[in-house]
**Q** 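Below you'll find the structure I mean.
Computed from heavy atoms alone, side chains included, the values below leave out hydrogens, waters and symmetry copies. Nothing here was measured: the structure is a model prediction, and the numbers come from that model.
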Amino acid sequence: MKKKTLLCGLLAVVCSLSLIACGKSTSSKNTSAQSTAAKEEKIKDGGTMVFSAGSDPTLLNPFYQNNRITFTVNNALYSPLYIMDKNETRYYLAKSIKESSDKLTYTLKLKDNLKWHDGKKITADDIIFSINTILDKKQNIGDRESFLIDGKQIQMKKLDNVTLEIKLPQVYIPFKAVLGGLRPIPKHIFEGESDIAKSPKNNEPIGSGPFKFKEWKKGEYLTLERFNDYFDGKPHLEKIVYRILSDKNSKSIAFENGEINTTYVGEKNFNKYSKDQNFKTYKFDECMPNYIMFNYENKNLQKKEVRQAISYAINKQDLLKSVFESINNAKPAYSVFPSSTLYYTDKVEHYDYNLAKAKELMKKSNTKNITLKFAYIAGSQNDINQFNVVKANLKEIGIDVKPVALEQQAYFSQLFGETKKTFDMVLNAYVCGTDPDAYSGLFVKGGSMNWNSYSSNPELDELWKKASVEKDTNKRKEMYETIQKKLAEEAVQYNIDYSTSMIAVNGNIGGVEQAKTVPIYMFEDLSKLYYVDK
């Protein structure tokens, strides 16, 4: 099964169905006193919570999303069936999911009395319609391949209004997580639409989440109001507003003035707000490796020794210091998987800084005086800082590194192969979920995310395939550990660090722990947030 991924944020791509299942997020508040106070907070009913957004969403439909704010708003409008991470399964629209002993049949049961935002009941027919819509080639939905098992379609049968049986054509272990990430759309709204992406019905969406659509003034704000019939109880907040603020300084001023209630912050402001009792601060894993991608169209980079030499020549400590005020806030990355992924291991080659070894490998590769073009998003000071470190480091082994500053649209166009690449190395990031098979598309020959034109050896490609159908957990673990070690040995990419998100919240906002901080969306369940009643 190939995975189609979608853009998410400035330098990250994601598998949208399994996005939120990135392992248990860890949050930290700025003082232990705040944590104690939270237990004594009284919940105030109502109020409007304002979020900042760098731009408008692109499309209010969970089947078509391509940036962080679109994912975030759709998360409030549409609920998933359930969410799986390494520790637990959290049920939303689904009441249960059962798999047969041969792992070919899945029985999904919905919760009773689920409703769409217009009051219509959510039934198994909506789930079948949603999956069939995804499988419809004419709809051009990125997640289509997630419901194809080795190119073959699944079979669905409605057992009753809230129960659905799904049969797979062959074993595919990650399917349970794929199914859970589905955010269904209403059959009675979209049935008969020839092109759902262009349907005007997306402008006033009918969803299943804790908040429903109210108003959208593009370029200024988007307003959602609470859905009183939300299956997990009426949300505490009356409204949620996403205010469009593209300027970082304006966003900071608006947050400090109380015009917005929560926002992503950089390390400097995180430290500042952590010392101010008017705010609460939280950190959590984005489950996202930041890395340097090699363009294998460059013949020099096709040589393993050159890639290994580059990896040994880069001083990771200097690279991290160039973007972090405190190195303690960085989480160095070594595996191609984030630590939240099943069967993650850091027992791989770390490529600790070793200039002598790097020079030796360059000599062994019989490669001299080469020039490599290094791309990054224009205007990003962090990217520029990292480029300068790489340029200085690689100069020591006879590699001249030239900058290629790309505007965002050009960056993604080249990254996804829509236009010719003008770079040999590029800064990027990705997040695909908990199951390691979700990352296969990055590394198998012809993979849907294999933008760098990497062609792994046939043995690794076969191992990816075997691991996705292996029922024995221990054997599967061994396979994925081997994959991680082999990819590191080949220096397929240079892993930098695992992203950590930092957010600040006004001191009168509660329920953050219950809402659960998660990658991309910021909060998993917005219904749990509230104003503190003083």
**Q** Working to the nearest 0.5 Å, report the span between CG of N295 and CG of L372.
**A**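 CG of L372 is found 10.0 Å from CG of N295.
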**Q** With sequence neighbours left out, what residues match E418 under salt bridge (charged side-chain N to carboxylate O under 4.0 Å, His left out)?
**A**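 Partners of E418 by the salt bridge (charged side-chain N to carboxylate O under 4.0 Å, His left out) criterion come out as none, since no residue qualifies.
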**Q** As an exercise, state the distance from CD1 of I173 to CG of D435, rounded to the nearest 0.5 Å.
**A**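 If I round to the nearest 0.5 Å, the distance is 8.5 Å.
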**Q** Consider only side-chain N and O atoms of S199 and E193, and report whether a donor and an acceptor are under 3.5 Å apart.
**A**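 S199 vs E193: donor-acceptor pair found between side chains.
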**Q** Show the numbers, then the answer: is there a salt bridge (Lys or Arg N to Asp or Glu O under 4.0 Å) between D285 and K331?
**A** CA-CA 10 Å; D285 293 338; K331 293 184 177 181; 2.4 Å; yes
**Q** In terms of ring plane angle, is the pair Y334 and H350 parallel, tilted or perpendicular, where the classes change at 30° and 60°?
**A**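 Answer is parallel, since the angle falls under 30°.
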**Q** Should I97 and K176 count as side-chain neighbours, where that means a heavy-atom distance under 4.5 Å?
**A**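 Side chain of I97 against side chain of K176, heavy atoms only: contact under 4.5 Å found.
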**Q** So how far is it from L182 CG to L81 CG, rounded to the nearest 0.5 Å?
**A**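 So the gap between those two atoms works out to 5.0 Å.
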**Q** Should we count NZ of K120 as having more than 12 external heavy atoms under 6.0 Å?
**A**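 Counting other residues, nucleotides and ligands, NZ of K120 stays at 12 neighbours or fewer.
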**Q** Does Y430 have its ring centroid less than 6.0 Å away from the ring centroid of Y291?
**A**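 Yes; Y291 has its ring centre under 6.0 Å from that of Y430.
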**Q** Does R68 make a cation-pi contact with F51 (under 6.0 Å, within 45 degrees of the axis)?
**A**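 Here R68 fails the 6.0 Å and 45° test against F51.
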**Q** Hydrogens and angles aside, do Y296 and R307 bring a side-chain donor and acceptor to less than 3.5 Å of each other?
**A**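 Side-chain D/A pair, Y296 to R307: present.
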**Q** For residues T72 and N75, is any side-chain donor paired with an opposing acceptor at under 3.5 Å?
**A**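 No, no side-chain donor-acceptor contact under 3.5 Å.
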**Q** State whether D102 and K471 are salt-bridged, where the test is any N-O pair (Lys NZ or Arg NE/NH1/NH2 against Asp/Glu carboxylate O) under 4.0 Å.
**A**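 No.
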**Q** So T500 and E286, do their side chains get closer than 4.5 Å, heavy atoms only?
**A**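 Counting from C-beta outward, E286 and T500 never come under 4.5 Å.
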**Q** Quick one: closest heavy-atom pair of I69 and A53, and the distance?
**A**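 Nearest heavy atoms, I69 then A53: CD1-CB, 3.5 Å.
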**Q** Does some side-chain heavy atom of Y230 sit less than 4.5 Å from a side-chain heavy atom of H117?
**A**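 No - every pair of side-chain heavy atoms lies 4.5 Å or more apart.
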**Q** Would you say the side chains of E524 and Y92 form a donor-acceptor pair under 3.5 Å?
**A**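 Short answer, yes.
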**Q** Flag yes if more than 12 heavy atoms outside K475 fall under 6.0 Å of its NZ atom; otherwise flag no.
**A**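 Open: at most 12 neighbouring heavy atoms sit under 6.0 Å from NZ of K475.
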**Q** Using a 6.0 Å cut-off, check whether atom CD of E462 has over 12 heavy atoms from anything other than its own residue.
**A**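 Buried by this count: over 12 neighbours within 6.0 Å.
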**Q** Y351 and E489: which non-hydrogen atoms are nearest, and at how many Å?
**A**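 Looking at all heavy atoms of both residues, the closest pair is OH-O, 3.2 Å.
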**Q** Less than 4.0 angstrom from a charged side-chain N to a carboxylate O is my criterion; do D85 and R90 meet it?
**A**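 Looking at D85 and R90, the cut-off is met.
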**Q** Hydrogens and angles aside, do Y343 and E478 bring a side-chain donor and acceptor to less than 3.5 Å of each other?
**A**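 The criterion, which ignores hydrogens and geometry beyond distance, is not satisfied for E478 and Y343.
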**Q** Decide whether N382 and Y376 meet the rule of one side-chain donor and one side-chain acceptor closer than 3.5 Å.
**A**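 Side chains of N382 and Y376: no pair found under 3.5 Å.
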**Q** Nearest 0.5 angstrom please: D472 CG to M479 CE, how far?
**A**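 Here the interatomic distance stands at 8.5 Å.
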**Q** Give a yes or no on whether a salt bridge exists between R183 and D143, defined as a side-chain N under 4.0 angstrom from a carboxylate O.
**A**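 D143 and R183: not salt-bridged.
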**Q** Is the centre of the F211 ring less than 6.0 Å from the centre of the F227 ring?
**A**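 Distance test on ring centres: not under 6.0 Å, no.
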**Q** In this structure, are over 12 heavy atoms from other groups packed under 6.0 Å from K201 atom NZ?
**A**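 Yes.
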**Q** Sequence neighbours excluded, which residues qualify as side chain to side chain contact (heavy atoms under 4.5 Å, CB included) partners of A333?
**A**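 Result, side chain to side chain contact (heavy atoms under 4.5 Å, CB included) vs A333: N495, Y498.
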**Q** If you take all heavy atoms of S79 and F231, which pair is closest and at what distance?
**A**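 Looks like OG-CE2, 3.7 Å.
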**Q** Which atoms form the tightest heavy-atom contact between S335 and V348, and what is the distance?
**A**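 Closest heavy-atom pair between S335 and V348: N-CG2, 4.2 Å.
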**Q** Does the side chain of T434 reach to within under 4.5 Å of the side chain of M84, using non-hydrogen atoms?
**A**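 T434 vs M84: side chains apart.
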**Q** Which atoms form the tightest heavy-atom contact between K187 and D126, and what is the distance?
**A**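 Heavy atoms of K187 and D126 come nearest at N-OD1, 2.9 Å.
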**Q** Y494 ring centre to K316 NZ or CZ under 6.0 Å, with the angle to the axis within 45°?
**A**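 Cation-pi check for K316 and Y494: passes.
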**Q** Pick one: which of L406, D383, L427 meets side chain to side chain contact (heavy atoms under 4.5 Å, CB included) with I377?
**A**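 Single pass found, and it is D383.
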**Q** So does K528 pair up with D232, basic N to acidic O under 4.0 Å?
**A**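 Yes.
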**Q** Not counting sequence neighbours, which residues clear salt bridge (charged side-chain N to carboxylate O under 4.0 Å, His left out) with E481? List them please.
**A**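 If we apply the salt bridge (charged side-chain N to carboxylate O under 4.0 Å, His left out) test to E481, skipping adjacent residues, the hits are K477.
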**Q** So, for G180 and P80, which heavy atoms are closest and what is the spacing to 0.1 Å?
**A**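 The pair with the smallest heavy-atom distance is O-CB, 3.7 Å.
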**Q** Determine whether L361 and Y312 make a side-chain contact, defined as any pair of heavy atoms from C-beta on separated by less than 4.5 Å.
**A**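 When only atoms from C-beta onward are counted, Y312 and L361 do touch, with a gap below 4.5 Å.
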**Q** Answer yes if the side chains of N290 and D497 hold a donor-acceptor pair under 3.5 Å, and no otherwise.
**A**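 Note: N290 and D497 side chains meet the donor-acceptor criterion.
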**Q** Quick one: list whatever passes salt bridge (charged side-chain N to carboxylate O under 4.0 Å, His left out) with K158, sequence neighbours left out.
**A**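 With neighbours one apart ignored, the set is D125.
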**Q** How would you list, by chain and number, every residue that makes a ring-ring contact (aromatic ring centres under 6.0 Å, His included) with Y353, sequence neighbours excluded?
**A**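 Scan of Y353 (ring-ring contact (aromatic ring centres under 6.0 Å, His included), adjacent residues dropped) gives none.
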**Q** Heavy atoms, side chains only, cut-off 4.5 Å: are L164 and K157 in contact?
**A**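 When only atoms from C-beta onward are counted, K157 and L164 do not touch, as no gap falls below 4.5 Å.
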**Q** Give the ring-plane orientation class for F387 versus F374, where under 30° counts as parallel, over 60° as perpendicular and anything between as tilted.
**A**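 Rings of F387 and F374: tilted, 30 to 60°.
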**Q** Between the side chains of N298 and D424, is a donor N or O closer than 3.5 angstrom to an acceptor N or O?
**A**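 Yes, D424 and N298 have a side-chain donor paired with an acceptor closer than 3.5 Å.
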**Q** Evaluate the side-chain proximity of L394 to M362: yes if any heavy-atom separation is below 4.5 Å, no if none is.
**A**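 No, their side chains stay 4.5 Å or more apart.
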**Q** Distance check, rounded to the nearest 0.5 Å: I154 atom CD1 versus K167 atom NZ?
**A**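 If I round to the nearest 0.5 Å, the distance is 12.5 Å.
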**Q** Can you find a heavy atom in the side chain of L60 that is under 4.5 Å from one in the side chain of V73?
**A**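 L60 reaches V73 side chain to side chain.
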**Q** Out of curiosity, Q493 CD to L487 CG, how far, rounded to the nearest 0.5 Å?
**A**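 These two atoms lie 8.0 Å from each other.
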**Q** Side chain to side chain contact (heavy atoms under 4.5 Å, CB included) with N113: which residues, sequence neighbours excluded?
**A**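 Only K121 meet the side chain to side chain contact (heavy atoms under 4.5 Å, CB included) criterion with N113.
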